[in-house]
Amino acid sequence: MNKKTISDVEPEWLRGRTVVVRSDLNVPLASGEVANDQRIKASLPSLVLLREAGARIVLLSHLGRPSGMVQPESSLAPVGHRLGELLGCPVHLIRHPEPGDRQVPFEEIPTEDVILLENTRFLQGEKENDGALANSWAELGVLFVNDAFGTAHRAHASTAGLANAMIARGHEAVAGLLMARELRFLEESLRMPERPFIAIIGGAKISSKIGVISSLLPRVDRLLIGGAMANTFFRALGLDTGSSLVEEGCVDLARSLLEEGGERLVLPMDCVVASELSEHAETREVARTAVTGEDKILDIGPKSRRSFADMIARSRSIVWNGPMGVFEIDAFAEGTVEVARAVAEACDRGSLGVLGGGDSASAAERAGVSERLTHISTGGGASLELLAGVPLPGVDALTNRG
Ligand code: ADP
Ligand code: MG
């Protein structure tokens, strides 16, 4: 990567200096508590590194979508509480200093405690990437660490804006450890992948992943399609998809991808169908040519699972994004679970297996294979854009190396 990271900064230099850190602490809350602390845990390595080096941390994050006004239910208070437990130190939640407001007595807070500023999205200028707001944050420290991979695809005041403002003040803006790790696996290792290189793309909609499919198709040896998006490809082949989810507006696109991909683009041969999306629905396993009427395609069938697993087993590099079916319901989870297991087994044998997408990450968790995969991305949207070859503003704005 041509961007500086926190590892490029001398630990001795950090002692006693104030570092502004942007993490992605956008976690789900339930009745005022953190319901899933994965993103907080993923942010710890950079914070631990800085604390151990003796730096003072001023931490920024967004939470939810309060769009420019204070919404008490989107306060970072529960996040700060959980972060304090995980770090084993006090975390002081502080409302934002207004531009020009020098009231906040940070000096009274011990250096080794963490100063957490309230939700960046409570402020008008955050999403507009307001320069004055970015500068008011840059004033607080002498180094910016952007560790918020999950929002790297957006140019907001606390991400790209803050990096620019810090650099304009003669300081540096560097990638945090999580950001660096995400970039290493999603970008660098896939630029020159060990072959065979295979991509597995699933999930609900082709339209949301068209960029990734088009970008990966010329680079991979095989691109396997599952999930509801396979239905749109079936339609492009002229097959009956019954009552399945199809993106009518994308059928032509699917047809041209089939032409472009040739043998490299692999569709399921069979499917699990049911007439309703429910736990108790009566299910059938049918060839993709035998779907009709009330049938809804809700998972890939057993033949497809076997052939997908075989292709995964023969690969050295694997990118996976999107479940193969409605894995939230047991009756339609098997395709996703078998793919998850096959990727995990390939990783056990030394292949590179990278997973992106929020629902896919839950699916891997559900299949019990999370620990075995090389890397699970913490950023759904950002990982898709990176795989599609779209530059990320939050990364672009960082200080160049060398
Ligand atoms: P990710 O978050 O991993 O990128 P997506 O958000 O694109 O994945 O898609 C996940 C959703 O797709 C899941 O909620 C799943 O139930 C749904 N899905 C997968 N296959 C089908 C299908 N055949 N029919 C309807 N929904 C499906
Ligand atoms: Mg999703």
Side-chain angles (χ1 to χ4, degrees), residues 26 28 36 38-39 149-150 153 182 186 199-213 215-216 223-235 239-248 250 254 267-279 281 283-286 288 291 294-302 304-305 308 318-340 343 353-367 369-370 373 375-388:
N26 182 29
N36 179 331
Q38 253 171 332
R39 280 190 163 160
F149 178 73
H153 56 313
E182 293 274 8
L186 290 167
I200 311 148
I201 309 290
K205 296 195 284 184
I206 296 191
S207 51
S208 65
K209 296 190 182 174
I210 186 63
V212 180
I213 299 176
S215 158
L216 287 177
L223 194 152
L224 315 184
I225 301 276
M229 70 169 65
N231 305 343
T232 307
F233 284 97
F234 291 157
R235 190 67 72 74
L239 299 173
D240 186 349
T241 52
S243 310
S244 308
L245 202 64
V246 171
E247 275 175 284
E248 300 291 348
C250 289
L267 295 176
M269 295 305 295
D270 58 349
C271 334
V272 176
V273 299
S275 59
E276 54 172 334
L277 214 181
S278 106
E279 195 76 61
T283 64
R284 285 166 32 243
E285 293 167 348
V286 297
R288 68 185 188 191
V291 178
E294 296 290 291
D295 294 342
K296 286 185 173 51
I297 302 171
L298 297 169
D299 195 7
I300 59 174
S304 310
R305 290 172 211 156
F308 281 20
I318 304 152
V319 181
W320 176 23
N321 184 297
M324 299 291 99
V326 183
F327 73 97
E328 296 92 340
I329 296 179
D330 281 342
F332 314 112
E334 204 47 43
T336 305
V337 169
E338 282 197 28
V339 162
V343 176
V354 176
L355 174 59
D359 293 297
S360 310
S362 322
E365 191 69 35
R366 193 180 162 126
V369 303
S370 300
L373 306 182
H375 178 67
I376 299 182
S377 179
T378 53
S383 72
L384 282 177
E385 302 218 351
L386 201 57
L387 289 175

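We count ligands from 1, going down the list as the structure has it; atoms in each ligand are counted the same way. For the numbers below, each heavy atom of this structure counts, side chains included, while hydrogens, waters and symmetry mates do not.
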Can you tell me how far the CZ atom of F308 sits from the CD1 atom of I225, to the nearest 0.5 Å? 8.0 Å
Flag side-chain contact, heavy atom, 4.5 Å: F233 against I206: yes
Show which atoms of ligand 1 fall inside a sub-4.0 Å distance from at least one heavy-atom site of A204. 7 (O), 9 (O), 12 (O)
As an exercise, state the distance from CG of N231 to SG of C250, rounded to the nearest 0.5 Å. 12.5 Å
Which atoms of ligand 1 have any heavy atom of N321 under 4.0 Å away? 4 (O)
For ligand 1, which is the ligand I care about here, please tell me if A228 has any N or O atom under 3.5 Å from one of the ligand's N or O atoms. yes
With heavy atoms under 4.0 Å as the rule, classify the contact between L277 and ligand 1 as side chain, backbone, both or neither. neither
Quick check on G325 - does any of its heavy atoms sit under 4.0 Å from an atom of ligand 1? yes
Protein contact of atom 25 (C) of ligand 1 - nearest heavy atom, named by residue and atom, plus distance: V326 CG2, 3.7 Å
Does the N or O separation between G203 and ligand 1 drop below 3.5 Å for any pair? no
NE2-CG distance between H153 and L386, expressed to the nearest 0.5 angstrom: 11.0 Å
Kindly confirm or rule out an N or O of S360 lying under 3.5 angstrom from an N or O of ligand 1. yes
Can an N or O of G227 be found at a distance shorter than 3.5 Å from an N or O of ligand 1? no
Supply the atom-to-atom distance I210 CD1 to I201 CD1, rounded to the nearest 0.5 angstrom. 10.5 Å
Among N, O or S atoms, D359 approaches the Mg ion (ligand 2) most closely through OD2
Reported CG-to-CD1 distance for the pair L267 and I300, which is rounded to 0.5 angstrom: 11.5 Å
Kindly identify the option in E328, K209, M229 whose heavy atom sits closest to atom 13 (C) of ligand 1. E328
Quick check for you: to the nearest 0.5 Å, what is the distance between E385 atom CD and S215 atom OG? 11.5 Å
Purely on distance, is any nitrogen or oxygen of K205 under 3.5 Å from one on ligand 1? no
With no hydrogens and no angle check, is any side-chain donor or acceptor of S244 less than 3.5 Å from a backbone partner on I297? yes
So, are R284 and D270 salt-bridged, with charged N and O less than 4.0 Å apart? no
I'd like to check which ligand 1 atoms, numbered from 1 as shown, lie under 4.0 Å from a non-hydrogen atom of I297. 22 (C), 23 (N), 24 (N)
I need the contact type for K296 against ligand 1. Using non-hydrogen atoms and a strict under-4.0 Å cut-off, is it side chain, backbone, both or neither? neither
Can Q38 and T378 be counted as having a side-chain donor-acceptor contact under 3.5 angstrom? no
Looking at ligand 1, does any of its N/O atoms fall within less than 3.5 Å of an N/O of D359? yes
